[in-house]
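Below is one structure, written out as C-alpha cells; comments come after it.
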Amino acid sequence: PLSVPDLKQRLNLPLSYVNHDSKLLELITAATEQFESDTDRVCIEQTFALSLHRFQQPYVDLYKRPITAVESITYIDGDGVQQTVDPAVYKLSKARRQVQLNGGQQWPSTYFSGPDSVVITFTAGVPEPKQVSRLYVQAISLLVGAWFLDPADEMQRDPWKTAYHRLLVKLQQEKQV
C-alpha cells in the first residue's frame with residue numbers, strides 16, 4: 001500500500017537518495033505484514049481459508065477485516081465426500097465479520113469433527129493500493145521509520161513506535177469494518 005517514493009517523502013528523505021531503496025522496500029513489506037498481524041486487518045485484497053472442526057451455530061466469526069466476500073463454504077458430508085454449501089443458506093455480515101445462517105436455515109451435518117471438516121474461503125482487503133486507509137499507511141510508515149532510523153532498536157521509548165502503538169489503539173477502538 002506504500003511505494004518507496006511515498007515513503008521517502010514521509011521520512012523526509014530525498015527522492016534522489018537511492019542507496020537504500022531495496023532495504024526500504026523490504027521494510028515496507030515487513031511493516032505491512034506486522035501491521036496486518038497486529039490488527040487482523042488486510043491492506044490489499046487477499047483470499048483466506050478458515051478451517052473448522054464443525055459448523056458453529058448460528059454464525060461463524062471471520063478473523064480478518066475488511067471482509068469483501070465469501071467465496072465458498074465446503075464441508076465433508078456423512079459419506080466422507082466434500083460438498084459445497086448453497087449460498088442461499090447463509091449471508092455475510094461485513095460489519096460483524098460473520099457468516100450467518102439465513103432465517104429458517106441450518107448448517108449441514110459434517111462427517112466427522114476433525115481439521116478441515118468445514119472450510120470457509122473468503123476475501124478481505126481493498127482491491128487497489130490507493131484505496132487503503134490513510135491510517136493504515138501512516139501506521140506502516142511509522143513502523144518503517146522506526147526500523148530504518150533505529151535498526152539496532154537502541155531507543156527503548158522510540159517516538160515512532162509510540163505513535164505506531166497509539167494508532168493501533170485507535171484502530172482497535174474503531175467500530176468500522
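If you read the sequence from its start, that first residue is 1, and numbering goes on from there. None of these values were measured; they are calculated from a predicted model.
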Fill in: Where Pro129 and Pro1 come nearest, the two heavy atoms and their spacing
CB-CA, 4.2 Å
Worksheet item: Do Val60 and Leu52 have side-chain heavy atoms sitting under 4.5 Å apart?
Response: yes
Discussion item. Contact between Asp38 and Gln34 at the side-chain level, heavy atoms closer than 4.5 Å - yes or no?
Written reply: yes
Discussion item. Looking at Ser51 and Asp116, would you say the former's side chain and the latter's main chain have a donor-acceptor pair under 3.5 Å?
Written reply: no
Item to complete: With side chain to side chain contact (heavy atoms under 4.5 Å, CB included) as the test, would you mind laying out the steps for Ile73 and Val119 before giving the verdict?
Response: CA-CA 6 Å; Ile73 301 177; Val119 177; over 6 Å; no
Fill in: Side-chain heavy atoms of Lys94 within contact of Arg65, under 4.5 Å
no
Worksheet item: Hey, what do you get for OH (Tyr136) to CZ (Arg41), rounding to the nearest 0.5 Å?
Response: 4.5 Å
Worksheet item: Quick one: are the ring centres of Phe55 and Tyr90 less than 6.0 Å apart?
Response: no
Worksheet item: So do the side chains of Leu101 and Val89 get within less than 4.5 Å of each other, counting heavy atoms only?
Response: yes
Worksheet item: Are there more than 12 heavy atoms of other residues, nucleotides or ligands under 6.0 Å from atom CD of Gln100?
Response: yes
Discussion item. Could you check whether any side-chain heavy atom of His53 comes within less than 4.5 Å of a side-chain heavy atom of Val118, counting everything from C-beta outward?
Written reply: no
Item to complete: Output the distance between atom CD1 (Ile67) and atom CG (Leu62), rounded to the nearest 0.5 Å.
Response: 4.5 Å
Item to complete: Starting at CD1 of Ile140, measure out to CD of Glu33 and round the result to the nearest 0.5 Å.
Response: 10.5 Å
Fill in: Between OG1 on residue Thr110 and CD1 on residue Ile76, distance to nearest 0.5 Å
9.0 Å
Worksheet entry | Val137 to Val132 - nearest heavy-atom pair and separation | CG2-CG1, 3.9 Å
Discussion item. Between Glu26 and Trp147, is there a side-chain heavy-atom distance shorter than 4.5 Å?
Written reply: no
Worksheet item: Do you know which two heavy atoms are closest between Leu135 and Lys170, and how far apart they sit?
Response: CD1-CE, 3.9 Å
Worksheet item: Which residue pairs satisfy the ring pair (Phe, Tyr, Trp, His ring centres under 6.0 Å) criterion with at least one member in residues 3-29, sequence neighbours excluded?
Response: Tyr17-His20, His20-Phe148
Worksheet item: Is any side-chain heavy atom of His165 closer than 4.5 Å to a side-chain heavy atom of Thr162?
Response: no
Worksheet item: Is there a donor-acceptor pair under 3.5 Å between the side chain of Asp86 and the backbone N or O of Ala88?
Response: yes
Worksheet item: Just wondering, do Leu142 and Leu167 contact through their side chains at under 4.5 Å, heavy atoms?
Response: yes
Fill in: Separation between OG of Ser109 and CZ of Arg54, rounded to the nearest 0.5 Å
12.5 Å
Worksheet item: Run the side chain to side chain contact (heavy atoms under 4.5 Å, CB included) check on Leu168 and Phe35 step by step: do they pass?
Response: CA-CA 9 Å; Leu168 290 185; Phe35 171 78; 4.2 Å; yes
Practice prompt. May I ask you to check whether over 12 heavy atoms, not counting those of Tyr59, lie within 6.0 Å of atom OH?
Written response: no
Practice prompt. Starting from the C-alpha separation in whole Å, work towards a yes-or-no answer on side-chain hydrogen bond (donor to acceptor under 3.5 Å, both in side chains) for Thr74 and Gln82.
Written response: CA-CA 7 Å; Thr74 59; Gln82 183 178 18; 3.2 Å; yes
Fill in: Residue of the set Leu15, Leu13, Val18, Leu24 for which side-chain contact (heavy atoms from CB on, under 4.5 Å) holds with Val4
Leu24
Fill in: NZ/NE/NH1/NH2 to OD/OE distance under 4.0 Å, Asp21 and Lys8
yes
Response to the item:
When every non-hydrogen atom of Val85 is compared with those of Pro108, the smallest separation belongs to CG2-CG, 4.0 Å
Worksheet item: Do you know which two heavy atoms are closest between Gln56 and Trp107, and how far apart they sit?
Response: O-NE1, 3.0 Å
Worksheet item: To the nearest 0.5 Å, how far apart are NZ in Lys23 and CD1 in Ile28?
Response: 12.5 Å
Worksheet item: Would Glu71 and Thr123 satisfy side chain to side chain contact (heavy atoms under 4.5 Å, CB included), going step by step from the backbone distance to the final call?
Response: CA-CA 7 Å; Glu71 303 300 325; Thr123 56; 3.3 Å; yes
Worksheet entry | Minimum-distance pair of heavy atoms, taken over all atoms of Leu92 and Ala69 | CD2-CA, 3.9 Å
Worksheet item: Given Glu45 and Glu128, is the side chain to side chain contact (heavy atoms under 4.5 Å, CB included) satisfied, shown in steps?
Response: CA-CA 8 Å; Glu45 195 170 71; Glu128 297 293 326; over 6 Å; no
